[in-house]
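First up is the structure itself, then whatever we jot down about it.
All values below were derived from every heavy atom in this structure, side-chain atoms included, with hydrogens, water molecules and symmetry-related copies excluded. These numbers come from a predicted model, not from an experiment. Order of the sequence lines sets the chain letters (A, B, ...), proteins ahead of strands, with each chain counted from 1.
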Amino acid sequence: MIKVEHLKKAFGDTEILKDVNLVIKPQEVVVVIGPSGAGKSTFLRCINRLEDISSGHIYIQDVDITGATTDINKIREKVGMVFQDFNLFPHMTVLENIMLSPLKVKKLPKDIVYKKAMELLKKVGLESKVDVYPDSLSGGQKQRIAIARALAMEPEIMLFDEPTSALDPEMVGEVLDVMKQLAKDGMTMAVVTHEMGFAREVGDRLIFMDGGYIVEENKPRELFDNPCQPRTKAFLGKVLSMGQTLAVV
Amino acid sequence: MVDFRFDIIAEYSHFFLMGTLLTIGLSLAGVLLGTVLGLFIALGKLVKNKWISFIFTCYIGFFRGTPLLVQILIIYFGVVPSLMGHSNGVVAGIIALSLNASAYIAETIRAGIQSIHKGQTEASRSLGMTHVQSMRYIILPQAIRRILPPLGNEFISLIKDSSLVSTIATPELMYWAQAMNAQYYRVWESYVTTAIIYLLLTVSASYLLSRFERKMDIK
């Protein structure tokens with residue numbers, strides 16, 4: 001379980017997150033939407049402390065990760081993250097990308113890590129790419145490998161920071177399919193995305209962020225059909241009229 | 001020029017050979033020790049604590065901001081005697097060239113590290129790696145490909161710069177050229193021969209380096 005209390009984050013004088021409170025329950029899929037500059041990505045990055053937070057508390061499994069004595073590396077082992085621009089390690093093969101952290105961080109034996117890596121590659125449908133370098137993969141394939149790499153650490157929660165935003169349209173589906181399967185398997189997920197179809201179909205809860213606050217949250221269907229706040233209405237009105245149909249996925 | 005005396009070149013050929021070997025040795029030692037030190041200094045300069053970082057900035061500033069010749073003289077007449085009790089041209093030469101090269105190499109390495117996209121660090125940290133693991137497995141292996149070409153240039157500069165240690169009577173190539181000139185008062189024979197040998201060294205070094213770089217490019 002993740003509990004966020006009064007999270008604030010400022011870059012210099014610019015306040016990005018003003019007061020964010022949220023509880024993510026085990027196996028829950030929380031989808032975060034909102035206009036650019038709303039603080040969605042920053043919020044996600046605070047959860048595994050890629051950003052230092054200004055004030056407030058974040059608890060992962062009842063451990064306050066904002067504490068000065070917290071071993072952040074131990075926390076990050078439990079929190080997987082998938083980035084917009086994949087960030088695969090270009091000097092390593094697909095297999096090495098996936099195996100590196102379990103071997104070096106968790107210090108698991110090689111045969112177990114290899115077995116797990118092959119399972120994950122099968123899960124994301126890329127067993128045939130085991131020995132190639134990331135350069136020769138398409139964007140969608142890279143992102144699926146990035147997901148497999150994060151899963152290899154057997155995290156308790158996965159954070160997705162706009163995982164399909166850097167992809168060509170025809171590759172979005174293959175990545176969303178992997179994420180859907182992951183949600184079905186019971187992974188706890190926090191997803192920042194602009195894919196409203198995915199949000200509607202897969203999300204257990206939809207969060208609308210704007211101006212550094214969580215403006216509104218509800219079940220996806222209800223938030224889409226009956227937004228309460230004017231800002232939510234305005235945002236949904238814009239993105240849904242831009243051709244983002246809800247039936248895409 | 002008409003009476004170019006090949007006989008005295010032949011007479012000195014043994015000295016030129018020994019001098020050339022020492023020049024190669026000094027340059028190799030300088031670039032190897034300089035790289036080890038340079039890596040340490042680059043990482044030191046990248047430390048977040050600005051006081052620690054400042055110390056390394058000063059080090060780089062001193063060795064890049066003062067003439068190598070001055071550094072050689074300080075180390076030969078000052079530093080080495082106070083450490084060893086007496087001075088030694090080869091030791092002082094290696095120390096001076098390594099320290100000087102390390103300052104330049106540190107900046108090369110720092111630039112190489114900083115040229116690696118921030119996402120690489122973030123991805124590795126998000127997988128639970130420590131700062132050291134992230135450097136060792138992710139950042140440095142990628143940075144090294146970008147560092148290699150300028151490091152090769154540094155080696156070639158070092159071959160030429162090592163001629164300055166002739167001033168502290170280290171018997172490398174330039175030292176023997178001056179010795180020959182002093183004995184026979186023959187400018188062309190001594191210095192043109194030396195120039196050609198230096199040229200052969202630098203050209204073959206850059207040839208070897210470009211071959212090595214091509215090899216490194218294959219993943």
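Under a 4.0 Å N-O distance rule, the pair Lys74(A)/Glu77(A) qualifies as a salt bridge. Of the charged side-chain nitrogens involved, at least one lies within less than 4.0 Å of a carboxylate oxygen, so that Lys123(A) and Asp185(A) count as a salt-bridged pair.
Side chains of Ser102(B) and Tyr59(B): a donor-acceptor N/O pair is present below 3.5 angstrom, by distance only. Thr66(B) and Gln71(B) share a donor-acceptor pair across their side chains, judged by distance under 3.5 Å alone. Side-chain contact of Asp161(A) with Ser41(A): a donor-acceptor pair under 3.5 Å is present, judged by distance alone.
The choice from Leu88(A), Asp85(A), Thr93(A) that makes the most heavy-atom pairs within less than 4.5 Å of chain B is Leu88(A). Of the listed residues (Ile75(A), Asn48(A), Val79(A), Leu100(A)), the greatest number of heavy-atom pairs within a distance under 4.5 Å of chain B belongs to Leu100(A).
Looking at Thr121(B), neither its backbone nor its side chain comes within 4.5 Å of chain A, counting heavy atoms on both sides. The contact between Gln120(B) and chain A is made by backbone and side chain atoms together, counting heavy-atom distances below 4.5 Å. Of the two parts of Phe83(A), only the side chain, counted from C-beta on, holds a non-hydrogen atom closer than 4.5 Å to a non-hydrogen atom of chain B. With a 4.5 Å cut-off on non-hydrogen atoms, His117(B) touches chain A through its side chain but not through its backbone.
Side-chain N or O atoms of Gln143(A) include one that pairs as donor or acceptor with a backbone N or O of Pro163(A) at under 3.5 Å.
A parallel orientation is assigned to the rings of Phe15(B) and Trp176(B), their planes being inclined by less than 30° (bins at 30° and 60°). Using bins of under 30°, 30° to 60° and over 60° for the plane-to-plane angle, the ring pair Tyr59(A)/His57(A) lands in the parallel bin.
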Exercise. Go through the steps to decide whether Phe40(B) and Phe56(B) satisfy the test ring-ring contact (aromatic ring centres under 6.0 Å, His included), and finish with yes or no.
Key: CA-CA 9 Å; Phe40(B) 176 71; Phe56(B) 292 100; 5.8 Å; yes
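Within residues 148-159 of chain A, the residues that have a heavy atom under 4.5 Å from a heavy atom of chain B are Arg149(A), Ala150(A), Met153(A), listed by number.
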